[in-house]
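Everything below concerns the one structure shown next.
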Amino acid sequence: MSESGKEFSMAKAYDPASIEQETYRRWESAGAFTAHRREGKKPFTIVMPPPNVTGQLHMGHAMDCVLQDSLVRFHRMKGDPTLWLPGTDHASIATEVKVVDQMREEGLTKEDVGREGFLKRAWAWKEEYGGRITRQLRRLGASCDWSRERFTMDEGCSAAVREVFCRLYEKKQIYRGARLVNWCTCCGTSISDAEVEYTEQKGHFWHLLYPVKETGEMLELATTRPETMLGDTAVAVNPEDERYAHLHGCHVILPLVGREIPIVCDEHADKSKGTGVVKITPAHDPNDYEVGQRHNLEVIRVFTYDGHMTGAEEKAENDALFASGKAAVGEARVMDTGKYAHLTTEACRREIVKDLEAGGYLKAVEDLSHEVGTCYRCHTNIEPMISIQWFVRMAPLAEPAIEAVRRGETRFVPERFTKTYLNWMENIRDWCISRHLWWGHRIPAWYCADCGATTVSREDVCTCGQCGSKNVTQDEDVLDTWFSSALWPFSTLGWPEETEDLKYFYPTNTLVTGYDIIFFWVARMIFSGIEQMGKPPFDTVVIHGLVRDALGRKMSKSLGNGIDPLEVIKQYGADALRFSLVLGISPGNDTRFSKEKVEMARNFANKIWNASRFVLMNVDKREPQMDRNALRLEDRWILTRYNEAVRQVTENFDKADYGLAAQKIYDFAWSEFCDWYIEMSKSALLGEDAKRRENTQAVLLTVLSGLLKLLHPFMPFVTEEVYSYLPGKQEESCMLSAWPKAEAALDFPEDCARMEGVMEMVRAIRNLRAGMNVQAGHRARLMVRPSSGWGEVLTAQEATFQRLAAVSTLSLLGEEEKPEGKTVSAVSGAGEFFIPLGELVDLEAEKKRLSKEKERLEGEIRRGEGKLGNPGFLGKAPAQLVESEKAKLETNRQMLTALEKQIADLCQ
RNA sequence: GGGAUUAUAGCUCAGUUGGCUAGAGCGCCACGUUGACAUCGUGGAGGUCAUAGGUUCGAGCCCUACUAAUCCCACCA
């Protein structure tokens with residue numbers, strides 16, 4: 001315990017820039033963030049959603065980080081062994097795109113440098129930018145355990161990825177096969193269903209005519225993608241559709257191609273939509289693919305994977321594959337599209353439409369606007385394509401993940417997101433996990449060129465597991481980034497090794513993240529945790545909203561409306577940014593970022609700074625002792641209010657209602673501690689009574705130090721700095737101090753009510769003075785005719801009236817005693833009062849003011865009488881409420897009587 | 001088509017299990033440098049809590065309907 005804090009020298013205004021970075025360095029070098037296992041004590045663990053390794057901190061990160069940091073600091077102060085595990089994500093596509101861009105500036109392509117060369121560059125990129133975002137998190141004050149920092153592609157995480165892949169493969173929950181996938185021609189890879197973003201686009205319905213071979217009639221159908229018609233292998237009608245009953249078993253001749261394709265009966269064709277006839281292109285449409293499966297249709301691919309039409313070369317290659325017998329089950333045949341070959345799909349569309357029209361096959365063109373799938377990374381339209389990919393079979397994984405959440409083993413806050421999660425999980429399709437990229441975890445599968453067998457292995461493979469041939473090559477592709485992030489809660493703790501950390505910290509407690517990645521990440525962590533660890537990875541998922549700009553728009557690069565958190569920190573300080581991101585938010589809802597809000601938070605930090613400065617200026621260096629038996633009314637009041645603040649803030653933290661917790665601290669600090677208690681304390685501090693002075697100092701210190709602790713999770717820097725100056729404290733660091741507890745022995749509800757009565761009268765006097773335009777410097781006598789029981793209370797608070805209501809002296813009037821001279825008057829619960837204001841008194845204005853007040857009181861009384869005259873209320877409302885209504889009514893009636901008398905006196 | 005959210009002061013938003021005479025910040029008006037703070041203080045104006053029903057002694061809060069905005073999921077031949 002120290003005799004006093006640092007040498008007292010606080011600037012008049014708080015300057016965050018001068019202390020933040022130094023404070024953070026002190027914490028970090030002292031190991032304050034490092035988690036320690038303490039057997040027998042339940043830990044509190046959070047894994048940080050890993051930001052992209054080459055990313056930059058944006059407001060979304062900032063909010064996510066601030067919420068986690070606040071929660072983590074709260075738990076650390078509560079004494080839980082607390083671990084906040086940080087790390088970064090390799091972000092397969094995003095990073096690869098950046099490296100490719102960088103190479104393009106040098107005139108190089110991936111092919112030019114080769115896989116090895118490319119990966120070298122990617123790692124170099126990671127080394128160069130990888131530390132940037134973690135440095136930025138430090139600027140925010142993130143108290144995560146950097147000694148345990150992880151990266152999704154570090155050795156341990158990579159081992160975990162491989163282990164999971166092999167286990168799932170061995171359980172036949174990972175398989176490779178030809179399926180229809182979402183293909184991004186720009187990124188050159190498949191993407192999962194979750195990665196497809198639908199956007200509204202203008203397009204057309206082209207109404208086409210396909211001639212029926214057997215009858216010669218023209219069958220009308222519509223399409224939004226006419227270029228796919230080259231790959232049509234059937235036309236479907238609904239079996240119930242009488243219009244086409246006569247065509248069952250017939251064929252159409254595909255225009256432009258001349259291919260004869262069957263008319264099939266399938267439920268997919270909807271009688272009520274369009275003409276009820278659908279063209280079927282199994283290689284390029286998900287629904288058509290399924291129809292094709294049901295009817296064993298040929299699958300003909302007409303697009304290349306880079307978005308062009310297939311030609312003779314592709315067909316030859318494909319033919320050779322089939323000829324060699326190595327084509328995978330379900331692999332598509334490729335068509336030489338002849339005159340359309342090598343055109344982009346868009347160019348081909350124009351050509352096809354032109355040709356169809358020329359051939360008389362185009363009946364009509366209709367405008368339409370429809371939802372088109374785009375890549376969530378580059379927003380290129382995705383092309384559904386038949387392709388051989390790796391998949392995770394989801395049904396067996398989803399089931400326990402659904403159950404765990406249903407049983408409440410994992411709880412979403414706010415609760416409504418449970419539904420979002422369940423709905424997605426219940427309708428989930430197999431997860432396409434292979435990506436045609438180089439940056440990422442390479443798929444641990446080797447193919448034998450001799451026997452065609454696939455070997456999946458934890459170790460790199462040189463010989464075929466089937467035939468022993470050395471002629472094996474590893475799969476070229478890597479895994480979806482989210483495959484490794486799905487393992488984050490346990491891979492980061494050392495899994496598959498049985499580490500001490502893993503045993504102690506898994507399962508983690510709370511996951512804090514935005515609702516935008518529930519599907520990508522949260523859901524996948526849940527089923528992965530259950531599958532690999534047997535337990536869901538966390539008990540609570542706290543979902544927060546997005547940070548939008550001042551106009552409510554999403555912050556985005558393309559709009560250029562993003563605000564750099566680092567700039568805000570430079571200008572206002574990290575505490576101000578942090579507080580502005582927390583105050584006023586409500587769980588799961590979006591929030592708008594505004595400069596005004598940051599200014600408000602900055603002002604609050606300054607207020608705290610100055611309140612502390614005041615306390616420190618007025619507290620002797622030695623440790624003041626609090627004599628609990630000598631506490632005055634105002635002391636008891638602030639201690640009671642402080643207890644209440646402690647209770648509410650703690651409760652709101654536990655409920656993940658951070659916005660309310662912050663609000664409570666703000667209100668308590670500013671509107672109660674500063675506005676009232678500090679002001680009232682001045683009389684005692686400047687007074688002669690040494691004992692009273694010491695007691696006041698003790699109360700000031702107690703409340704201030706508790707307030708700093710309550711605020712610390714949100715504003716770690718200013719609180720730590722100020723705390724360091726406090727004399728006589730138990731703990732050196734605010735960050736490592738104990739979270740405040742409400743002390744029931746210091747609850748004084750009756751005194752609180754008395755103090756509120758005094759405060760009410762102070763407000764009434766101020767109000768009256770302002771209404772009369774009294775000079776601020778003019779001190780006036782106060783004469784009070786107290787309500788019963790209030791005389792002593794008011795007399796004892798004379799100093800409060802003097803200091804806060806510009807009263808010179810306070811005197812009590814007897815029941816029938818009239819104030820001398822010309823006075824203005826008003827009533828409050830504690831009594832009626834009079835202030836001689838001589839020539840300032842304007843009779844007419846006074847009458848007006850008093851009757852306005854009278855009207856208000858009468859309204860109140862009517863309301864109270866209505867309530868209390870209602871037998872239902874008396875019978876059913878809680879007794880306590882009835883009592884307080886009665887008391888209120890009684891007070892109001894007394895006040896009204898007094899007021900009426902005052903008005904009558906005025907009229908004399 | 002299914003689901004969700006939001007609607008409260010000029011603006012941005014709080015309002016926890018119904019007890020409210022509906023709050024805050026910013027903005028606005030008036031006054032003010034009283035030794036923590038002008039990044040401040042005091043006072044004021046400003047709201048039929050989107051609308052219509054209902055439940056209840058009592059509804060901003062619960063229920064039903066409706067309107068508007070936003071989002072998510074699915075589908076769109």
Side-chain angles (χ1 to χ4, degrees), chain A residues 10 12-14 198 205 208 221-225 235-236 268-270 273-281 285 287-288 368 370-371 414 416-417 419-420 423-424 427 515-516 518-519 545-546 550 552 572 576 583-586 588-592 594-597 599-618 648 651-652 655 657 659-660 663 666-667 670-671 674-675 678-679 682 686 763 766-771 773-777 779 803-806 856 859-860 863-864 866-867 870-878 880-882 884-885 888:
Chain A
M10 292 174 73
K12 198 169 170 185
Y14 173 54
Y198 289 87
F205 256 144
L208 311 182
L221 49 80
T223 179
T224 54
R225 299 198 301 152
V235 162
H268 170 60
D270 186 336
K273 281 187 186 166
T275 56
V277 185
V278 198
K279 64 194 261 321
I280 301 297
T281 322
D285 180 280
N287 289 311
D288 294 4
L368 110 148
H370 58 158
E371 297 274 304
R416 67 182 130 97
F417 290 104
K419 214 166 173 177
T420 312
N423 187 48
W424 188 76
N427 296 297
Y515 57 72
D516 50 338
I518 292 178
F519 305 140
L546 309 178
Y572 298 97
L583 189 72
I585 61 165
S586 71
N589 289 343
D590 292 353
T591 177
R592 295 186 195 202
S594 72
K595 212 179 128 185
E596 288 73 25
K597 216 165 153 188
E599 278 171 6
M600 177 273 289
R602 186 264 324 258
N603 295 353
F604 182 52
N606 189 58
K607 188 76 179 174
I608 292 294
W609 176 264
N610 274 294
S612 308
R613 205 157 74 94
F614 171 83
V615 172
L616 290 164
M617 280 167 69
N618 286 287
Q648 284 192 29
E651 189 186 323
N652 283 317
K655 285 198 304 200
D657 224 331
L660 286 184
Q663 184 72 52
Y666 184 91
D667 289 341
W670 204 310
S671 313
C674 292
D675 287 354
I678 284 189
E679 291 307 320
K682 286 174 183 171
L686 300 172
R763 282 193 205 99
R766 285 168 170 174
N767 181 317
L768 196 154
R769 289 175 58 104
N773 279 324
V774 181
Q775 289 285 311
R779 297 196 157 269
R803 193 160 284 278
L804 278 79
R856 192 191 66 84
E860 275 306 297
R863 194 191 58 83
K867 263 193 172 175
N870 182 337
F873 178 74
L874 293 175
K876 295 187 181 175
Q880 212 184 353
L881 191 70
V882 177
S884 79
E885 276 300 330
K888 216 189 289 178

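Chain naming here is simple, since letters A, B, ... match the order of the sequence lines and numbering starts at 1 in each. Just so we're clear, the structure is a prediction, and the values are computed from it rather than from any experiment. Computation of the quantities below employed the complete heavy-atom set of this structure, encompassing side-chain atoms and omitting hydrogens, waters and symmetry-equivalent molecules.
A donor-acceptor contact under 3.5 Å links the side chain of A/Arg602 to the base of B/U39. Counting distance only, with no hydrogens placed and no angle test, the side-chain atoms of A/Lys12 and the base atoms of B/C37 include no donor-acceptor pair under 3.5 Å.
Nucleotide B/U34: unpaired (no Watson-Crick or G-U wobble partner with both distances less than 3.5 Å). With a cut-off of 3.5 Å on both Watson-Crick or G-U wobble distances, the partner of B/A65 is given as B/U51. Nucleotide B/G18 forms a pair with no other nucleotide shown, judged by Watson-Crick or G-U wobble geometry with both contacts under 3.5 Å. Shown here, B/A9 forms no base pair; nothing in the strands shown gives a Watson-Crick or G-U wobble contact with both key distances under 3.5 Å. In this structure, B/G43 forms a base pair with B/C29, meeting either the Watson-Crick or the G-U wobble geometry with both donor-acceptor distances under 3.5 Å. Of all nucleotides present, only B/U70 satisfies the Watson-Crick or G-U wobble test against B/A4, with each distance under 3.5 Å. Pairing for B/A59 is absent, with no Watson-Crick or G-U wobble pair whose two atom distances lie under 3.5 Å.
Using C1' as the reference atom, B/C73 and B/A59 are 34 Å apart when rounded to the nearest Å. B/A24 and B/G47 have their C1' atoms separated by 14 Å, with the value rounded to a whole Å. A distance of about 28 Å separates the P atoms of B/G54 and B/A69, rounded to the whole Å. Between the C1' atoms of B/G32 and B/C37, the separation comes to 15 Å (whole Å). Nucleotides B/U48 and B/G44 are separated by 22 Å at their C1' atoms, to the nearest Å. A gap of 36 Å separates the C1' atoms of B/C11 and B/U56, to the nearest Å. The gap from the C1' atom of B/A9 to that of B/U64 amounts to 29 Å, rounded to the nearest Å. If you take atom P in B/U5 and the same atom in B/G15, they sit 14 Å apart, rounded to whole Å.
Judged by distance alone, the side chains of A/Asn652 and A/Gln648 never bring a donor and an acceptor atom under 3.5 Å apart.
Ranked by how close their nearest RNA chain B nucleotide is to the 5' end, A/His370 and A/Trp670 are led by A/Trp670. The residue among A/Leu221 and A/Phe417 whose nearest nucleotide of RNA chain B lies closer to the 5′ end is A/Phe417.
Contacts of A/Phe205 with the nucleic acid, taken as non-hydrogen atoms under 4.0 Å apart, involve only primed sugar atoms and P, OP1 or OP2. Backbone-only engagement by A/Phe519 is indicated by non-hydrogen atom pairs under 4.0 Å involving sugar-phosphate atoms exclusively. Among the atoms of the strands shown, base atoms are found under 4.0 Å from some heavy atom of A/Glu679. Counting any heavy atom pair closer than 4.0 Å across all strands shown, A/Gly274 reaches no nucleic acid atom. A/Asn767 comes within contact range of the sugar-phosphate backbone alone, with a heavy-atom separation under 4.0 Å but no base atom that close. At a threshold of 4.0 angstrom between heavy atoms, the contacts of A/Glu371 include nucleobase atoms, whether or not backbone atoms are also involved. As judged by a 4.0 angstrom heavy-atom cut-off over every strand, A/Ile678 is placed among the base-contacting residues. Within 4.0 Å (heavy atoms only), A/Asn589 reaches sugar-phosphate atoms of the nucleic acid but no base atom. A/Glu860 comes within 4.0 angstrom of a base, heavy atoms only. Nucleic acid contact for A/Asp270: base, since at least one base atom lies under 4.0 Å from a heavy atom of the residue. Looking at heavy-atom distances under 4.0 Å, A/Ala269 makes contact with a base. Using a 4.0 Å heavy-atom distance criterion, A/Thr223 is classed as a sugar-phosphate-only contact. As judged by a 4.0 angstrom heavy-atom cut-off over every strand, A/Ser671 is placed among residues making no nucleic acid contact. A/Ser586 comes within 4.0 angstrom of sugar-phosphate atoms only, judged by non-hydrogen atoms across all strands, and of no base.
At whole-Å resolution of the value, NZ in A/Lys867 and C1' in B/G18 are 11 Å apart.
Taking side-chain N and O atoms only, A/Lys419 has a distance below 4.0 Å to OP1 or OP2 of B/A4. Distances shown here put every side-chain N or O of A/Lys597 at or beyond 4.0 Å from the OP1 or OP2 atom of B/A24. Distances shorter than 4.0 Å separate some side-chain N or O of A/Lys607 from OP1 or OP2 on B/G41. Under 4.0 angstrom from either OP1 or OP2 of B/G2 there lies no side-chain N or O belonging to A/Asn423.
Side-chain N or O atoms of A/Arg769 include one that pairs as donor or acceptor with a backbone N or O of A/Gln775 at under 3.5 Å. Side chain of A/Asn610 to backbone of A/Asn606: a donor-acceptor contact under 3.5 angstrom is found. Panel note: side chain A/Arg613, backbone A/Ala13; no donor-acceptor pair is recorded below 3.5 Å. Between the side chain of A/Asp590 and the backbone N or O of A/Gly545 there is no donor-acceptor pair closer than 3.5 Å. Looking at A/Asn589, its side chain never comes within 3.5 Å of a backbone N or O of A/Ile585 through a donor-acceptor pair.
Of all nucleotides listed (B/A36, B/G43, B/A24), B/G43 comes nearest to the side chain of A/Ala770. Among B/C37, B/G43, B/G32, the nucleotide with an atom closest to any side-chain atom of A/Arg766 is B/G43. Looking at the side chain of A/Asn610, the nearest of the listed nucleotides B/A4, B/C57, B/A36 is B/A36. Nearest to the side-chain atoms of A/Leu881 among the listed nucleotides B/C76, B/G19, B/C37 stands B/G19. Checking B/G41, B/C75, B/G32 against every side-chain atom of A/Asp675, the shortest atom distance belongs to B/G41. Set against B/A74, B/G43, B/U16, the side chain of A/Leu660 has B/U16 as its closest nucleotide. Candidate nucleotides B/A24, B/U12, B/C76 were compared by shortest atom distance to the side chain of A/Gln663, and B/A24 ranks first.
The NE2 atom of A/His268 lies 4.5 Å from the CG atom of A/Asn287; values are rounded to the nearest 0.5 Å.
Counting all heavy atoms, side chain and backbone alike, A/Val277 lies closest to A/Leu221 at O-CB, 3.5 Å.
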Handout entry: Worked verdict on A/Phe417 versus A/Ile518 for side-chain contact (heavy atoms from CB on, under 4.5 Å)
Key = CA-CA 9 Å; A/Phe417 290 104; A/Ile518 292 178; 3.6 Å; yes

